[in-house]
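Have a look at the structure below before the remarks.
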Amino acid sequence: MGSSGLIRVVLVAVVVCAAVMVFTTVGYHHSAAATSPHALELRLAALEAEVRRLRRAGPREGLEPGLATAAASGEKLPQPAEVCGLKGADGKKIHCAQPGVTPISGHPAFIGPDAAPIGVDRESIPNPFGDDEPACDVPVHTISSWIEAHKGHMVMPDYPCIFKAEPKTGFQAMVDYPDLESLLKDFGNESVTTQPGYAQAGGHFHYAAPHSRVGNVWRLRDLARAWNTTHIGQYYSEFNCKTHFCQRFIRKVQIPEWFVADSRASTNFLVGGPGSGLPFHRHEQTFQMLVNGRKAWFLVPPGPVTDELAEVVGPYVFPPDSFDARIRGKPLGKRPLRCVQYPGEVIWLPPQWWHATMNMGVATVAYGQKPRYSSRANLKHEPASSIYTKVQEHFEKLQEGDVDWWYSIQGELSKAKHMPKTAETRFSHVLDKFQSAFDHSNPEDIQIMGDTVAFAYCFFSENLLTMSAKAHDGHPDTSAELRAKAWAANAKRLSPEIYRLQCLKQGRDLKDLG
């Protein structure tokens with residue numbers, strides 16, 4: 001993509017952000033804190049000033065679309081009225097200031113009940129993946145059209161889809177935190193714990209011992225300084241919303257009424273820089289709303305993943321920025337489905353769909369839930385839709401026993417624990433898959449894949465020594481010690497930093513490799 005194309009992408013993103021900021025809150029469980037006309041006015045003026053600046057900017061400057069300053073605007077924007085509801089994102093009852101909604105006028109291209117399209121005009125944005133394959137493989141709906149089509153019944157799609165930004169999907173946090181600068185102003189001193197993608201929740205390295213020693217605890221503003229330089233891929237993800245940061249943030253998050261559930265398995269609060277994300281994993285149904293930034297989603301239908309695809313995307317282990325370049329230009333089925341989510345949009349995933357995420361914005365903030373609709377007797381997934389059938393046609397249907405589940409790290413560890421003498425063979429097979437993925441990586445993916453594979457070498461060297469010791473009266477045998485040292489040496493070759501953090505803290509004699 002040329003520099004002019006990149007600037008166009010940034011311009012579109014800025015304009016979209018302006019649109020999202022002034023969304024009204026129809027259909028929301030809204031907090032009592034309303035946005036003042038002056039705040040809206042300043043934000044919109046700042047975004048308009050940013051558009052003008054980017055038009056004058058050279059290519060290098062145009063790649064950094066942050067808000068520098070807020071300028072005054074002569075236009076008076078009315079305050080969006082609050083909409084009464086039952087629950088906020090934290091599940092507590094919300095007391096609203098007044099019912100109804102006051103549409104913001106003067107910007108018909110972006111807002112208002114009759115505006116079309118609202119949010120991102122996907123057809124006008126160059127393919128963010130940079131190839132000739134479709135930019136988005138999943139359907140894009142609006143909540144309003146979906147409700148109308150199903151006559152208000154609680155019927156959810158049986159396929160992944162995006163619900164476009166509209167008044168029903170905009171909320172206060174999007175107005176207050178359209179960029180990294182505004183987020184850090186309110187939350188920069190919050191403490192966050194991060195891990196790289198391969199050690200994130202959902203991935204098997206996250207749950208298996210030994211746990212990652214590569215993560216860190218930061219102030220949010222320090223993380224933001226590092227995620228483009230020394231700590232690329234470090235990602236803050238929280239799934240219970242017990243931290244002070246999340247508790248404060250969700251006061252300005254409103255769940256679209258269509259998605260409000262009786263209970264939830266978990267909440268999802270995620271903040272990261274470009275390239276950060278989660279490896280392929282699966283769980284019960286979920287939705288996620290994007291506050292700012294851009295997020296790429298990679299999706300595979302439920303069931304086993306083919307060996308060919310698994311060796312590229314490494315379910316449970318490989319972060320998407322380690323395979324993103326490698327899958328470009330491949331047809332569907334040889335690569336996952338994919339789509340980029342923009343601010344104000346909600347993505348819906350039915351149960352057990354494989355999914356991985358990669359943040360693409362300067363800063364990306366998302367909030368979601370795994371909802372449970374137990375008290376709604378009429379909840380059902382749209383049965384056997386033609387869309388789901390067409391998606392399945394691109395992916396080979398397999399039985400559990402037809403594939404090599406090498407990427408199930410927890411499964412391999414469990415088998416090795418029951419048969420410790422097989423550990424070396426089992427782990428060697430898994431590491432051969434990791435090494436092959438590294439050997440076939442595209443140049444732009446090589447750093448993160450190198451870190452991932454180095455971590456795997458450290459992880460399995462420690463497990464091999466532990467299991468060999470259990471099988472040999474507390475002392476690993478010579479073969480296991482030699483193999484573990486060789487794996488640690490491979491880790492050092494691929495990533496000296498990961499070797500230092502993960503291998504050298506094992507408390508064993510692996511540091512004497514030279």
Checklist entry - With a 4.5 Å limit on heavy-atom distance, are the side chains of Leu413 and Asn463 in contact? => result yes

Checklist entry - Hey, is the main chain of Asp445 close enough, under 3.5 Å, to the side chain of Asn442 for a donor-acceptor pair? => result no

Item to check | Between Lys164 and Thr142: side-chain donor-acceptor atoms closer than 3.5 Å | outcome: no

Checklist entry - Any donor and acceptor pair, going by atom type alone, linking the side chain of His281 with main-chain N or O of Gly202 inside 3.5 Å? => result no

Item to check | Whether Asp262 side chain and Pro371 backbone form a donor-acceptor pair below 3.5 Å | outcome: no

Item to check | Phe455: which of Phe434, Tyr499, Tyr198 passes ring pair (Phe, Tyr, Trp, His ring centres under 6.0 Å) | outcome: Tyr198

Item to check | Polar side-chain atom of Glu166 near backbone of Ser144 as donor-acceptor pair, under 3.5 Å | outcome: yes

Next on the checklist: For the aromatic rings, using the six-membered ring if either is Trp, is the centroid distance between Phe323 and Phe318 under 6.0 Å?
Outcome noted: no

Item to check | Given Leu270, Thr243, Asn268, the one that forms side chain to side chain contact (heavy atoms under 4.5 Å, CB included) with Glu238 | outcome: Thr243

Checklist entry - If you look at every heavy atom in Asp307 and Asp404, which pair is closest and at what distance? => result OD1-N, 3.1 Å

Next on the checklist: Please determine whether side chain to side chain contact (heavy atoms under 4.5 Å, CB included) holds for the pair Tyr342 and Arg122, giving the CA-CA distance in whole Å, both sets of side-chain angles, and the decisive distance to 0.1 Å.
Outcome noted: CA-CA 10 Å; Tyr342 295 93; Arg122 291 175 172 272; 3.7 Å; yes

Next on the checklist: Less than 4.0 angstrom from a charged side-chain N to a carboxylate O is my criterion; do Arg335 and Glu133 meet it?
Outcome noted: yes

Item to check | Carboxylate-amine/guanidinium contact Glu393 Lys390, below 4.0 Å | outcome: no

Item to check | Pair Leu337-Leu332, side chain to side chain contact (heavy atoms under 4.5 Å, CB included): steps then yes or no | outcome: CA-CA 6 Å; Leu337 293 94; Leu332 195 57; 3.8 Å; yes

Next on the checklist: Determine whether a donor-acceptor pair (N or O, by modelled atom type, separation under 3.5 Å) exists between the side chain of Thr422 and the backbone of Met419.
Outcome noted: yes

Checklist entry - Taking His394 for the side chain and Gly333 for the main chain, is one N or O donor matched with an acceptor at less than 3.5 Å? => result no

Item to check | Closest approach of Ser428 to Arg483 (non-hydrogen atoms, all atoms of both residues) | outcome: OG-NH1, 2.5 Å

Checklist entry - Under the 3.5 angstrom rule, does the side chain of His429 hit a backbone N or O of Thr425 as a donor-acceptor pair? => result no

Next on the checklist: Tell me if a side-chain donor or acceptor on His472 pairs with a main-chain N or O of Ser468 at a distance below 3.5 Å.
Outcome noted: yes

Next on the checklist: With a sphere of 6.0 Å drawn around CG of Asp439, does it hold more than 12 non-hydrogen atoms of other residues, nucleotides or ligands?
Outcome noted: yes

Next on the checklist: How close do Met449 and Ala437 get, counting heavy atoms only, and between which atoms?
Outcome noted: CE-CB, 4.0 Å

Item to check | Carboxylate-amine/guanidinium contact Glu311 Lys433, below 4.0 Å | outcome: yes

Checklist entry - Under a 4.0 Å N-O cut-off, is there an ion pair linking Glu308 with Lys330? => result no

Next on the checklist: Between Gln195 and Ser212, does the side-chain hydrogen bond (donor to acceptor under 3.5 Å, both in side chains) criterion hold? Intermediate values first, please.
Outcome noted: CA-CA 8 Å; Gln195 289 288 349; Ser212 166; 2.6 Å; yes

Item to check | Enclosure of His283 NE2 (heavy-atom neighbours >12, cutoff 6.0 Å) | outcome: yes

Checklist entry - Ring centres of Phe280 and Tyr407 under 6.0 Å apart? => result no

Item to check | Where Ile162 and Cys339 come nearest, the two heavy atoms and their spacing | outcome: CG1-SG, 4.1 Å

Next on the checklist: For the residue pair Tyr457 / Gln502, report whether a side-chain donor-acceptor contact shorter than 3.5 Å exists.
Outcome noted: no

Item to check | Nearest heavy-atom neighbours spanning Val340 and Met360 | outcome: CG2-SD, 3.7 Å

Next on the checklist: Working note: Ile255 + Met289, criterion side chain to side chain contact (heavy atoms under 4.5 Å, CB included); need CA distance, chi angles, decisive distance, verdict.
Outcome noted: CA-CA 9 Å; Ile255 306 299; Met289 309 179 295; 3.6 Å; yes

Checklist entry - Do you know the tightest heavy-atom contact between Val365 and Leu290? => result O-CD1, 3.6 Å

Item to check | Interatomic distance, Leu220 atom CG to Arg225 atom CZ [nearest 0.5 angstrom] | outcome: 10.5 Å

Next on the checklist: Less than 6.0 angstrom separating the ring centers of Phe163 and Phe287, yes or no?
Outcome noted: no

Checklist entry - With distance as the sole test, does Ser495 use its side chain to make a donor-acceptor pair with the main-chain N or O of Ala491 at under 3.5 Å? => result no

Checklist entry - Quick check, are the ring centers of Phe205 and Tyr316 under 6.0 angstrom apart? => result no

Checklist entry - In terms of the angle between their ring planes, are Phe427 and Phe460 parallel, tilted or perpendicular, with boundaries placed at 30° and 60°? => result tilted

Checklist entry - Under 3.5 Å, is there a donor-acceptor pair between the Ser237 and Gln200 side chains? => result yes

Checklist entry - Would you say the side-chain atoms of Asn359 pair up with the backbone N or O of Gly361, donor to acceptor, closer than 3.5 Å? => result no

Checklist entry - Under the ring pair (Phe, Tyr, Trp, His ring centres under 6.0 Å) criterion, do Tyr367 and Phe249 qualify, and how do the steps go? => result CA-CA 10 Å; Tyr367 178 85; Phe249 190 86; 7.7 Å; no

Item to check | Distance-only polar pair, side chains of Gln447 and Asp451, donor-acceptor under 3.5 Å | outcome: no

Next on the checklist: Does the plane of the ring in Trp146 sit parallel, tilted or perpendicular to the ring in Tyr159? Use 30° and 60° as the thresholds.
Outcome noted: perpendicular

